[in-house]
Amino acid sequence: MALRVYNTLSGEKEIFEPLVPGKAGMYVCGVTVYDHCHIGHARAYISFDIIYRYLKYAGYDVTYVRNYTDIDDKIIRRANQEGSDYRAIADRYIRTFDEDMARLGLEKPTLEPKATDHIAGIIAIIGTLIAKGHAYESDGDVYYAVETFPEYLRLSKRNLEDMLAGARVDVGEKKRNPMDFALWKGSKPGEPWWESPWGHGRPGWHIECSAMSMRFLGQTFDIHGGGKDLIFPHHENEIAQSEAANGCQFVRYWLHNGFVNINSEKMSKSLGNFFTIREVLERFDPETLRFFILSAHYRSPIDFCDQNLNEAQAGLERIYACLAAIDEALGKSVAPTGPSDSSGQAGQDLRDKAEHLIPRFREAMDDDFNSAQALGVVFEMVRAVNRFLAEIDQVDAPAQALLTRVRGLFAEIGGVLGLFGRAPRAWLDAIKSAGADRMDISPEEIERLIAERNEVRKARDFRRSDEIRDLLLAKGIQLLDSPQGTTWKVK
RNA sequence: GGCGGCGUAGCCAAGUGGUAAGGCAGAGGUCUGCAAAACCUUUAUUCAGCGGUUCAAAUCCGCUCGCCGCCUCCA
């Protein structure tokens, strides 16, 4: 089964055929570092994290470049507000970005270049564009002349006439055409600047991605990704710059992830309904957030709300509970093979499911990285395991071998999705005790009541026993009775 | 106004021509003093509506209705 990816440029799923067989070059637009990251960033970078992981899993030698845009108007504005240097702002938010991504379990890209380390490359491209007649200098700025590039707006499937008719573009008198965009901006007093043939200035937005991708992946490379919102103008402008300068195709496959909505509304700063990754992680486990994001296809819109996150957590708990049960069964000493062993119906079914798990997982992921379908396959496996564990009453050697194999398959898939990597029991315990600091009853008091309840239960005083149970439940404490004793969790 | 997307069970969500994955919630069962938790089983003759193409459509085409995104900084 061949890998198929949805290419924004063609509007269709295409067979993925890399430029160099066995290798894949991938560039994803990173953050402009002027503020904390929000869950939209989380969605984007988790999506491309599993694309990166899956490409490697599928056998490609992947070079993954994800940049930091560390010079930009917004960074400068923020620095002015705080009375600090733009570098201090950039460094701070690069650090918080790295922390957030690490908490979400993202793998480090092969390279994470910064725009300010590539000013020379940027200037070189601009020079080429001017020489080829695609750009012009205007009072210290340099603009790209969009009319010189016939392919302009092919990615976003628009046309210049309609865009101009909309007339919501900034008509700067320095531009020849209102749609022209800045490659280089002359610096005003007090602003950071670099030396250039056009005087002191800084790069415009867009050009840094052309420079860095070209530097590390070549003039033509395989995959370029980012959020849907970057299609226009950012990626459109990258294509115009790169292809006009190099005279060859820039990117073969354009991949774009869908948006995050908040309670069914578009997330935006003006509505005030955005959450930073930090805020979300105060309330939800990072793996739960990751699981939630992977439970929908990366191109679909996804609705962030408490109910959906809670459902995601319930689903992930189901999987971890299954893994914990497997680990527990494997921890037991092996019983001699007897008549009621792993050869029953559930055993046959589990063997069958195990046989087909990886092919089905790959089939899902080969279809444009369909992680939602992949998780469906995982859940079917969970059910087969639970049924098997319920059927056998002791773990004999064949059962142990089967469970060991299944456990390995979960780990293999988890490795690609960046899930299921924690110790199951510990993860479940952590989820259970989350929120314990918000209780208005101490753990000691709970334990004392549980002890009392156990006493009265022995005496078969169920009235008092149930009274204690209800009392704790009213305080949000759920008692969990089992043959091994009574534990509790915060409801 | 231009361009693009979406509408699948109570909710979330896969499924791009071959007869509806999965999760949550619900119901039944096992367990339990009774429960809870956990586990098992079960839940859409049907895919917004109406036409059309086809042996066959949720899947392709047309129209209608509803929702959303982009066109301005944005993942």
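- The A:Glu311 side chain lies nearest to B:C24 when the options are B:C34, B:C24, B:A14.
- Contact of A:Ser156 with B:G4 (side chain to base): no donor-acceptor pair of N or O atoms is detected under 3.5 Å.
- Taking the six-membered ring for Trp and the full ring otherwise, A:Phe48 and A:Tyr64 have centroids separated by 6.0 Å or more.
- The side chain of A:Asn386 places an N or O atom within less than 4.0 Å of a non-bridging phosphate oxygen (OP1 or OP2) of B:C40.
- Candidate nucleotides B:A75, B:G2, B:C11 were compared by shortest atom distance to the side chain of A:Gln307, and B:C11 ranks first.
- Side-chain proximity of A:Glu380 to the nucleotides B:G22, B:A14, B:A75 is greatest for B:G22.
- Among the atoms of the strands shown, none is found under 4.0 Å from any heavy atom of A:Met381.
- Of the candidate nucleotides B:G23, B:A75, B:C71, B:A75 has the atom nearest to the side chain of A:Val260.
- The base of B:A35 lies close enough to the side chain of A:Arg469 for a donor and an acceptor atom to sit less than 3.5 Å apart.
- Minimum atom distance to the side chain of A:Arg158 is reached by B:C71, of the listed B:C40, B:G69, B:C71.
- Here the nucleotide nearest the side chain of A:Gln478, chosen from B:C39, B:A21, B:A36, is B:A36.
- Between A:Lys266 and the phosphate of B:C70, there is a side-chain N or O to OP1/OP2 separation shorter than 4.0 Å.
- Note on A:Lys228: nothing from the nucleic acid sits closer than 4.0 angstrom, heavy atoms only.
- Stacking annotation: A:Phe462 is stacked on the base of B:G33 (ring centroids less than 5.5 angstrom apart, interplanar angle below 30 degrees).
- Residue-to-nucleotide contacts include no donor-acceptor pair under 3.5 Å from the side chain of A:Asp229 to the base of B:G69.
- In this structure, A:Tyr34 has its ring center no closer than 6.0 Å to that of A:Tyr93.
- Side-chain nitrogen and oxygen atoms of A:Ser300 include at least one within less than 4.0 Å of the OP1 or OP2 phosphate oxygen of B:A14.
- Under the 3.5 Å distance criterion, with hydrogens and angles disregarded, no donor-acceptor pair is assigned to the side chains of A:Asp229 and A:His234.
- Base engagement by A:Phe259 is indicated by at least one non-hydrogen atom pair under 4.0 Å involving a base atom.
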Run the side chain to side chain donor-acceptor pair (under 3.5 Å) test on A:His206 and A:His235 for me, step by step, so that the C-alpha distance in whole Å, both residues' side-chain angles and the decisive distance to 0.1 Å come before the verdict. CA-CA 8 Å; A:His206 317 304; A:His235 290 160; over 6 Å; no

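- Side-chain atoms of A:Arg457 and base atoms of B:G33 include a donor and an acceptor less than 3.5 Å apart.
- Residues A:Phe275 and A:Phe304 place their aromatic rings such that the two centres sit under 6.0 Å apart.
- The residue A:Gly227 sits close only to the backbone: its heavy atoms come under 4.0 Å of sugar-phosphate atoms, none of a base.
- Side-chain contact check for A:Tyr68 and A:Glu112: at least one donor-acceptor pair (N or O, by modelled atom type) lies under 3.5 Å.
- Between B:G69, B:G15, B:C12, one nucleotide has an atom nearer to the side chain of A:Asp367 than all others, and that is B:G15.
- Nucleotide B:U30: paired with B:A38 (Watson-Crick or G-U wobble, both distances less than 3.5 Å).
- For the pair A:Asn261 and B:C68, the criterion of a side-chain N or O lying under 4.0 Å from OP1 or OP2 is not met.
- Comparing atom distances between the A:Asp466 side chain and each of B:C34, B:C71, B:C3 picks out B:C34 as nearest.
- Remark: A:Arg318 is in phosphate contact with B:C40, judged by side-chain N or O atoms under 4.0 Å from OP1 or OP2.
- The side chain of A:Arg387 places an N or O atom within less than 4.0 Å of a non-bridging phosphate oxygen (OP1 or OP2) of B:U41.
- With 3.5 Å as the limit, one finds a donor-acceptor pair spanning the side chains of A:Asn67 and A:Tyr27.
- Phosphate proximity of B:C6 to A:Arg299: absent, as no side-chain N or O sits under 4.0 Å from OP1 or OP2.
- If you check B:A21, B:G2, B:C34 against the side chain of A:Asp481, the one that comes closest is B:C34.
- The residue A:Leu230 sits close only to the backbone: its heavy atoms come under 4.0 Å of sugar-phosphate atoms, none of a base.
- The A:Ala296 side chain lies nearest to B:A14 when the options are B:C70, B:A14, B:A35.
- Using Watson-Crick or G-U wobble geometry with both donor-acceptor distances under 3.5 Å, B:A20 finds no partner in any strand shown.
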